[in-house]
> 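Let me begin by handing over the structure; questions about it come next.
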Amino acid sequence: IAAAQEKFYLQNNRYAIDDELAMAPPAGLGILATTENGWYTLEITAADTETFTAEATAVGGQANDSHCATFTLNAVGEKDAANDDCWNR
């Protein structure tokens, strides 16, 4: 999402909103709202001309892993999760 957002920003002078997540570039990011294995849903929870926040939330069988249920990432690369080790799993 971060790389796609930066490309989108270069073309549109703003970050993409959630409605533009799945739209093909250059009108959107071209990213499905569910990860490849179906373990997380993806959402852009905030976006404007200066920043964005994206969130991945565990679904299906992955939802049972309360240790790593939600991840967030913003435009400056700040990562947040319930537990720091979730980003390295």
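Everything numeric in this text was worked out from a predicted model, so none of it was measured. Side chains included, hydrogens not; waters and symmetry mates left out as well; all remaining heavy atoms used.
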> Evaluate T34 against L32 for side chain to side chain contact (heavy atoms under 4.5 Å, CB included), listing each step before the verdict.
CA-CA 5 Å; T34 303; L32 296 177; 5.6 Å; no

> List the atom of A54, the atom of I1, and the distance in Å for their closest heavy-atom pair.
CB-CG2, 3.8 Å

> Would you find a donor on one side and an acceptor on the other, under 3.5 Å apart, between the side chain of E6 and the backbone of A3?
no

> Should we count CD of E36 as having more than 12 external heavy atoms under 6.0 Å?
no

> Could you check whether any side-chain N or O of T53 sits under 3.5 Å from a backbone N or O of T45, counting only pairs where one atom can act as donor and the other as acceptor?
no

> State whether the side chain of D18 and the backbone N or O of L21 hold a donor-acceptor pair below 3.5 Å, judged by distance alone.
no

> OH/Y15 to CG/L29 distance, rounded to the nearest 0.5 angstrom?
11.5 Å

> Are L73 and F8 linked, directly or through other ILVMFWY residues, by side chains that come within less than 4.5 angstrom of each other?
no

> Do Y9 and I31 sit in the same hydrophobic cluster, where Ile, Leu, Val, Met, Phe, Trp and Tyr count as joined when their side-chain heavy atoms come under 4.5 Å apart?
yes

> Through direct or indirect side-chain contacts below 4.5 angstrom among Ile, Leu, Val, Met, Phe, Trp and Tyr, which residues connect to L10?
none

> State which residues pass side-chain contact (heavy atoms from CB on, under 4.5 Å) with Y40; sequence neighbours excluded, sorted by chain then number.
T35, A56, A58, Q62, C68, F71

> At their closest point, which heavy atom of A47 faces which heavy atom of A16, and how far apart are they?
CB-O, 3.1 Å

> To the nearest 0.5 Å, what is the distance between OG1 on T70 and CD on E43?
10.5 Å

> Test your reading of the model: is there a side-chain donor-acceptor pair from D48 to the backbone of E50, 3.5 Å cut-off?
yes

> Can you name the salt bridge (charged side-chain N to carboxylate O under 4.0 Å, His left out) partners of E55, sequence neighbours left out?
none

